[in-house]
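Keep in mind that this is a model prediction, so the values were computed, not measured.
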Amino acid sequence: MCLIYVIVILFVFFDARLYKTPIVKITEIRTEEKEKEEGTRGGEEIHYRQFLKGIVLNGEYKKERIQLKNEYAESEVTSQKYKKYDRVFVEIREKSNALSGNIKGLKRDTGVAALLGLMILLLLVITKKQGLRTIFTVVVNISIYMIGFAFFLNGKDILKICNIMVIAFSIGTLLLLNGVNKRTVASILSTLCVLAVIMGIFHLVMNNLGETDYASMEYLGSLDNPSELFEAEVMLAGLGAIMDVTATISATLGELVRKRPSIRWKELFHSGREVGYDIMGTMISVLLFTFGCGLIPTFLIRMNNEISFLTIVKLNIPFEICRFLIESIGIVIAIPISIFVSASLLKMKKRRGAIS
């Protein structure tokens, strides 16, 4: 596995011939200070100019030398500083038998391949068969996303698509990871019940709040159906966390019933509740971190332009707050629902076995 991993990285590192866009390996760099400009907070920010020399790695001008220029700011917020041996995509111009051009971006596929390969390698080495199932599940889920987006771009109803996607995600993920058994069925039923409850709460709240202004919802305010897209986001946002809660509780109760078939329903409920209490806080924190990390650029850009923290919260992220609250409610509700569904199914099986 390690040998295959190294071979894949080397292949990606030397895969310039597979690209149509010209790729240049930087061999020499000369940097000079260009000027000082006023920064976003009133201070001065230094701007630099780079004179680069490199070798074209593919295409019509392969192995020929090229000269490039690049400008970047000290903060590198909207510009990129390049280093020796970097590989960059360029737009080549030929003038007087000399090559020059504009840099379009950095070639990053080697780093991506290294991280992706490391994740797959660790999954297979540490968890073995379950790691293989996990990889296959991720591939299936990505395929479901791609098919759903394709239907949406072809004009299909986004809510109908998301309803089908939610069912496919729930059934596919839990079946592929946990196999066909009572615990998996309990997890699937619990997940779908929780989603039905939180979407009911969502509709109840949205229908009684009056008209909602979607103008502050980035990229959606100019579309024809922002309300439907927002509902689709809410439906899909916390699905993973909810599935995690229901699967954990179902697996725990299933193990308790397997080791102690005579356990009473009340004892099973209390045991499941304690497990739910232990994972509830961490799962809500996962949601908070997930939503929060996506908001960091928004906060930094606006606060650098002297917009106060409270103003950003009030005007720019109400929809993120709404998603977080709805999905947090879903995690809390998932505990009693998954306990009730799992305990009922598992004890029903044991009773029938005892009667027969």
Side-chain angles (χ1 to χ4, degrees), residues 2-121 218-219 292-307 312 316:
C2 292
L3 180 61
I4 293 173
Y5 175 58
V6 173
I7 291 173
V8 169
I9 293 177
L10 290 174
F11 175 79
V12 176
F13 187 77
F14 295 104
D15 67 348
R17 65 185 181 280
L18 301 179
Y19 286 88
K20 294 182 179 179
T21 305
I23 298 173
V24 171
K25 183 177 75 171
I26 298 173
T27 56
E28 297 180 33
I29 297 178
R30 180 169 60 86
T31 304
E32 64 180 33
E33 185 176 316
K34 180 185 174 186
E35 58 189 0
K36 293 183 179 180
E37 295 182 1
E38 185 176 348
T40 54
R41 289 184 172 273
E44 289 187 340
E45 185 176 44
I46 304 175
H47 286 244
Y48 296 93
R49 181 185 287 114
Q50 289 183 307
F51 298 92
L52 314 170
K53 293 182 180 180
I55 299 175
V56 181
L57 300 178
N58 63 333
E60 179 184 356
Y61 302 102
K62 185 177 180 180
K63 295 184 180 180
E64 293 191 29
R65 296 193 171 273
I66 186 172
Q67 295 185 357
L68 305 167
K69 292 181 181 180
N70 177 56
E71 295 182 3
Y72 68 94
E74 187 177 20
S75 61
E76 295 186 54
V77 174
T78 58
S79 54
Q80 172 79 45
K81 176 183 177 181
Y82 297 106
K83 302 183 296 294
K84 191 175 181 180
Y85 303 122
D86 278 347
R87 284 166 163 77
V88 294
F89 296 104
V90 298
E91 183 179 352
I92 296 178
R93 296 190 302 270
E94 185 177 8
K95 187 176 181 181
S96 302
N97 295 325
L99 297 182
S100 62
N102 299 322
I103 298 177
K104 301 173 67 174
L106 187 66
K107 184 175 181 288
R108 295 184 171 90
D109 56 354
T110 304
V112 173
L115 289 175
L116 180 62
L118 181 62
M119 183 191 74
I120 294 173
L121 182 63
E218 291 189 87
Y219 310 114
C293 70
L295 294 173
I296 289 175
T298 297
F299 270 87
L300 290 179
I301 290 172
R302 287 175 169 81
M303 291 180 73
N304 277 335
N305 286 278
E306 299 181 354
I307 300 175
I312 298 172
N316 298 110

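- Contact between A73 and S79 at its shortest, heavy atoms only, is N-OG, 2.9 Å.
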Distance-only criterion, 3.5 Å: show the donor-acceptor pairs between side-chain atoms of residues 98-106 and protein atoms not counting sequence neighbours.
from, atom 1, to, atom 2, distance (Å)
N102, OD1, R93, NH1, 3.4

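- Residues passing the salt bridge (charged side-chain N to carboxylate O under 4.0 Å, His left out) test with R65: none are found, sequence neighbours excluded.
- Around the CG atom of L18, the shell of radius 6.0 Å holds more than 12 heavy atoms that belong to other residues, nucleotides or ligands.
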**Item:** Worked verdict on E71 versus Q50 for side-chain contact (heavy atoms from CB on, under 4.5 Å)
**Value:** CA-CA 6 Å; E71 295 182 3; Q50 289 183 307; over 6 Å; no
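- Every pair passing ring pair (Phe, Tyr, Trp, His ring centres under 6.0 Å) that includes a residue from residues 59-84 is listed here, sequence neighbours excluded: Y48-Y72.
- For the atom pair NZ of K81 and CD of E74, the computed distance is 10.0 Å after rounding to the nearest 0.5 Å.
- With sequence neighbours left out, the side-chain contact (heavy atoms from CB on, under 4.5 Å) criterion links L116 to M119, I120.
- Note on residues 13-33: pairs passing ring pair (Phe, Tyr, Trp, His ring centres under 6.0 Å), not counting sequence neighbours, are Y19-F89.
- In this structure N58 satisfies the side chain to side chain donor-acceptor pair (under 3.5 Å) test with no other residue, sequence neighbours excluded.
- Residues that satisfy the salt bridge (charged side-chain N to carboxylate O under 4.0 Å, His left out) test with R17, not counting sequence neighbours, are absent from this structure.
- Counting heavy atoms from C-beta on, the side chains of I26 and V88 come closer than 4.5 Å.
- By the salt bridge (charged side-chain N to carboxylate O under 4.0 Å, His left out) test, E64 pairs with no residue at all, sequence neighbours left out.
- Legend: residues meeting side-chain contact (heavy atoms from CB on, under 4.5 Å) with E32, ordered by chain and number and at least two apart, are R30, R49, F51.
- Note that the CG atom of N70 and the CG atom of L52 stand 6.0 Å from one another [nearest 0.5 Å].
- Sequence neighbours left out, not one pair with a member in residues 94-103 passes salt bridge (charged side-chain N to carboxylate O under 4.0 Å, His left out).
- The nearest pair of heavy atoms linking I23 to R87 is CG2-CB, 4.1 Å.
- Classification of K107 and D15 as a salt-bridged pair holds, one side-chain N sitting under 4.0 Å from a carboxylate O.
- Under the side chain to side chain contact (heavy atoms under 4.5 Å, CB included) rule, V6 has a single partner from I4, V8, L10, which is L10.
- The shortest distance between side-chain heavy atoms of V90 and L68 falls below 4.5 Å.
- Between L57 and V24, the closest side-chain pair of non-hydrogen atoms is not below 4.5 Å.
- A distance of 12.0 Å separates NZ of K62 from CD1 of I55, quoted to the nearest 0.5 Å.
- Partners of F299 under the ring pair (Phe, Tyr, Trp, His ring centres under 6.0 Å) rule, at least two apart in sequence or in another chain, are F309.
- With sequence neighbours excluded, the residues forming a side-chain contact (heavy atoms from CB on, under 4.5 Å) with K53 are T27, E28, Q67, listed by chain and number.
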